[in-house]
Amino acid sequence: MKRNLAISTAIFIITLALASGSFAFWGQKIKTLTPAKGLIKIPVASINDGKAHYYRVKAEDGIIVTFFVLKSSDGIVRAAIDACNVCYRSGKGYIQEGDFMVCENCGMKFASNRINEVKGGCNPAPLKRRIDNSNLVIEMKDINANSWYCKYKK
């Protein structure tokens with residue numbers, strides 16, 4: 001009887017630990033954006049915390065494109081499709097671990113200050129962006145050109 005109680009307690013604790021760890025990612029809010037005049041505008045003040053912020057927008061081909069933006073450790077605001085050339089078919093994308101973005105499919109890590117600098121392979125697919133006044137601006141033509149990366153996302 002005591003052994004069954006100990007096993008049940010251990011299973012409960014493990015389940016609770018796994019659920020709380022998963023919540024950190026699953027609980028992350030992906031904001032849906034609506035472009036205006038072919039542009040996506042995100043206030044820089046809302047992404048200045050060094051954390052990856054995830055967004056989705058509908059491309060002209062109907063695919064929902066997911067991307068992330070973050071202010072990297074070198075102070076530059078960066079943007080990338082939440083997929084890469086190699087693992088996009090998994091539909092999994094990236095999670096943030098400290099100053100790295102980690103591919104959820106293969107586990108490769110990419111330093112935040114290399115986002116938009118390195119492309120190809122398993123690097124997050126870069127998105128062109130610019131700062132205009134106090135907004136990060138991404139043109140829909142760039143989202144549309146990269147929609148194929150998100151074809152397999154659920």
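The only member of V65, I63, I81 that meets side-chain contact (heavy atoms from CB on, under 4.5 Å) when paired with Y149 is I81.
Summarising the geometry, atom CG belonging to N146 is positioned 12.5 Å from atom CG belonging to D82; distances are rounded to the nearest 0.5 Å. Here the CE atom belonging to M101 is positioned 8.5 Å from the OH atom belonging to Y94, to the nearest 0.5 angstrom. With rounding to the nearest 0.5 Å, the separation of CG in L39 from NZ in K41 is 6.0 Å. The distance from atom CD1 of I143 to atom CG of D61, rounded to the nearest 0.5 Å, is 11.0 Å. Between atom CZ of residue F68 and atom OH of residue Y55 there is a gap of 12.5 Å, rounded to the nearest 0.5 Å. In this structure, the separation between CG on L70 and CZ on R78 is 8.0 Å, given to the nearest 0.5 Å.
For K153, the NZ atom counts as densely surrounded, since its 6.0 Å shell holds more than 12 non-hydrogen atoms of other residues, nucleotides or ligands.
Across all their heavy atoms, I115 and A80 have their closest contact at CG2-CB, 3.8 Å. Between K109 and F100, the shortest heavy-atom contact is CB-CD2, 4.0 Å. The two residues C150 and I64 come nearest to each other via the heavy atoms CB-O, 3.4 Å. Looking at every heavy atom in both residues, M108 comes nearest to C122 through SD-CB, 4.3 Å. The minimum heavy-atom distance linking P35 with M140 is given by the pair CB-CG, 3.5 Å. Summarising the geometry of C84 relative to G121, their closest heavy-atom pair is CB-O, 3.7 Å, with the distance given to 0.1 Å.
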- Message: Working note: K71 + D49, criterion side-chain contact (heavy atoms from CB on, under 4.5 Å); need CA distance, chi angles, decisive distance, verdict.
- Response: CA-CA 7 Å; K71 185 174 184 180; D49 57 6; over 6 Å; no

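The backbone N or O of G98 lies less than 3.5 Å from a partner atom in the side chain of Q96, making a donor-acceptor pair. Within the 3.5 Å criterion, the main-chain N or O of A125 finds no donor-acceptor partner in the side chain of N85. A donor-acceptor contact shorter than 3.5 Å links the side chain of R129 to the backbone of V77. Without hydrogens or angle criteria, N116 side chain to L127 main chain gives a donor-acceptor distance under 3.5 Å.
At a cut-off of 3.5 Å, with distance as the only test, no side-chain donor of R56 or T66 sits close to an acceptor on the other residue.
Ring geometry, W148 versus Y88: the interplanar angle exceeds 60°, so the pair is classed perpendicular (tilted spans 30 to 60°).
By the rule that hydrophobic residues join a cluster once side-chain heavy atoms approach within less than 4.5 Å of another member, F67 and I131 end up as members of one cluster. Under the 4.5 Å side-chain heavy-atom criterion for ILVMFWY residues, no single connected hydrophobic cluster contains both V69 and Y54.
Annotation: side chain of L33 is in contact with side chain of I42 (closest heavy-atom distance under 4.5 Å).
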